Amino acid sequence: DRGLTPTAFIVRDWSTRDGRYLSARALGDLKDVCELGGHGASHRALTSLSDGELADELSASRDYVEAIAGAPATTMALPGGHGGMRELAAAERARFRLVGNSRPLPHVRAGVSVNRICVNRTHDAGAPLRWAQAGALHWTALRSRFAATAAARRLMGGKLYGALTALAK
């Protein structure tokens, strides 16, 4: 009703090797109700890969999604939400036009990198509708929270920040 089309970002290895994730056949059933995008072949951090490994990771992910969808895969999400200019350029060379990061905010800037609001096992089925109906106050509060956690991550470094957030869960 709101003109929003969800995207399911697929990790090839999870889909082909782990029964807890949707198989290619099950994902094929989704292609009429949502867009299918890549999320890496193995979900390795793209920033940790050599240029050759990065190109292979992205093309393998794209090829798997295209085989399921029967159409070009033009969107992907960065595994872990992490990637810089090198990873975005590699994604563009792999024919991805939009690359989702993990900023849980509506997108406002032009470019290949876009914010994505992730739906995961911590959300109930009504969450996407609530987000579509949310007003400016909700998004302003979320932007403030995100800015604060990003500042903490920069100050502490990713490793310490990750350890402390793991303890808090």
Side-chain angles (χ1 to χ4, degrees), residues 1-47 49 54-84 87-143 145-146 149 169:
D1 292 347
R2 302 231 178 236
L4 301 173
T5 302
T7 303
F9 295 106
I10 312 304
V11 177
R12 182 201 63 192
D13 290 356
W14 296 356
S15 174
T16 59
R17 299 178 185 165
D18 190 333
R20 294 175 296 169
Y21 294 91
L22 295 176
S23 66
R25 184 180 197 168
L27 289 166
D29 292 341
L30 290 177
K31 70 183 178 185
D32 294 331
V33 295
C34 71
E35 181 179 350
L36 300 180
H39 197 42
S42 66
H43 203 263
R44 293 185 294 170
L46 301 182
T47 54
L49 303 177
L54 176 59
D56 291 345
E57 180 80 4
L58 294 173
S59 64
S61 174
R62 182 201 61 232
D63 293 348
Y64 184 69
V65 172
E66 288 180 349
I68 294 167
T74 59
T75 60
M76 67 163 288
L78 297 167
H82 304 293
E87 292 74 26
L88 292 174
E92 286 185 286
R93 285 191 299 276
R95 301 190 314 264
F96 291 110
R97 290 183 321 191
L98 291 176
V99 180
N101 56 45
S102 288
R103 291 191 177 117
L105 303 166
H107 190 72
V108 294
R109 292 189 197 119
V112 68
S113 179
V114 297
N115 295 344
R116 68 183 173 115
I117 300 168
C118 303
V119 180
N120 59 40
R121 65 178 173 249
T122 65
H123 300 108
D124 62 48
L129 180 59
R130 288 193 302 277
W131 294 329
Q133 295 172 333
L137 183 61
H138 169 82
W139 297 112
T140 299
L142 194 56
R143 243 183 219 96
R145 179 176 172 224
F146 186 78
T149 58
K169 289 182 181 179

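This is a predicted model, so every value here is computed, not measured.
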**Heavy-atom check, side chain of L22 versus side chain of L30, under 4.5 Å** =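 Yes, side chains in contact.
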Rounded to the nearest 0.5 Å, how far does [atom2] of [Y] lie from [atom1] of [X]?
{"X": "I68", "Y": "R25", "atom1": "CD1", "atom2": "CZ", "answer": "13.0 Å"}
{"X": "S59", "Y": "L54", "atom1": "OG", "atom2": "CG", "answer": "9.5 Å"}
{"X": "F96", "Y": "T74", "atom1": "CZ", "atom2": "OG1", "answer": "8.5 Å"}
{"X": "L58", "Y": "L78", "atom1": "CG", "atom2": "CG", "answer": "9.0 Å"}
{"X": "R143", "Y": "H138", "atom1": "CZ", "atom2": "NE2", "answer": "10.0 Å"}
{"X": "R12", "Y": "E57", "atom1": "CZ", "atom2": "CD", "answer": "7.5 Å"}

**Prompt:** Can D13 and R44 be counted as an ion pair, charged N to O under 4.0 angstrom?
**Reply:**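 Between R44 and D13 there is no salt bridge, as every charged N stays at least 4.0 Å from the carboxylate O atoms.
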Heavy-atom closest contact ([X] atom, [Y] atom, distance):
{"X": "A91", "Y": "V99", "value": "CB-CG2, 3.6 Å"}
{"X": "S61", "Y": "A41", "value": "CB-N, 3.6 Å"}
{"X": "S15", "Y": "A24", "value": "OG-N, 3.6 Å"}

**Prompt:** Without hydrogens or angle criteria, can the side chains of E87 and T47 be said to hold a donor-acceptor pair below 3.5 Å?
**Reply:**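 No donor-acceptor contact under 3.5 Å links the two side chains.
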**Message:** Looking at A94, is its backbone amide N or carbonyl O close enough to the side chain of R62 to form a donor-acceptor pair, meaning the two atoms are under 3.5 Å apart?
**Reply:**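 Yes; judged by distance alone, with no hydrogens or angles, the pair exists.
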**Item:** N/O donor-acceptor pair under 3.5 Å between E66 side chain and P72 backbone
**Value:**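 Not a single qualifying donor-acceptor pair exists.
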**Message:** Out of the candidates I10, L36, V11, only one should pair with Y64 under the side chain to side chain contact (heavy atoms under 4.5 Å, CB included) rule; please name it.
**Reply:**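 Considering I10, L36, V11, a side chain to side chain contact (heavy atoms under 4.5 Å, CB included) with Y64 is found only for I10.
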**Verdict with reasoning, V65 to F9, per side chain to side chain contact (heavy atoms under 4.5 Å, CB included)** = CA-CA 9 Å; V65 172; F9 295 106; over 6 Å; no
**Item:** CA sep, side-chain torsions, deciding dist, call: M76, L46, side chain to side chain contact (heavy atoms under 4.5 Å, CB included)
**Value:** CA-CA 12 Å; M76 67 163 288; L46 301 182; 4.1 Å; yes
**Request:** Please work out which of the three classes, parallel, tilted or perpendicular, describes the rings of W14 and H39, given edges at 30° and 60°.
**Result:**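 Rings of H39 and W14: perpendicular, over 60°.
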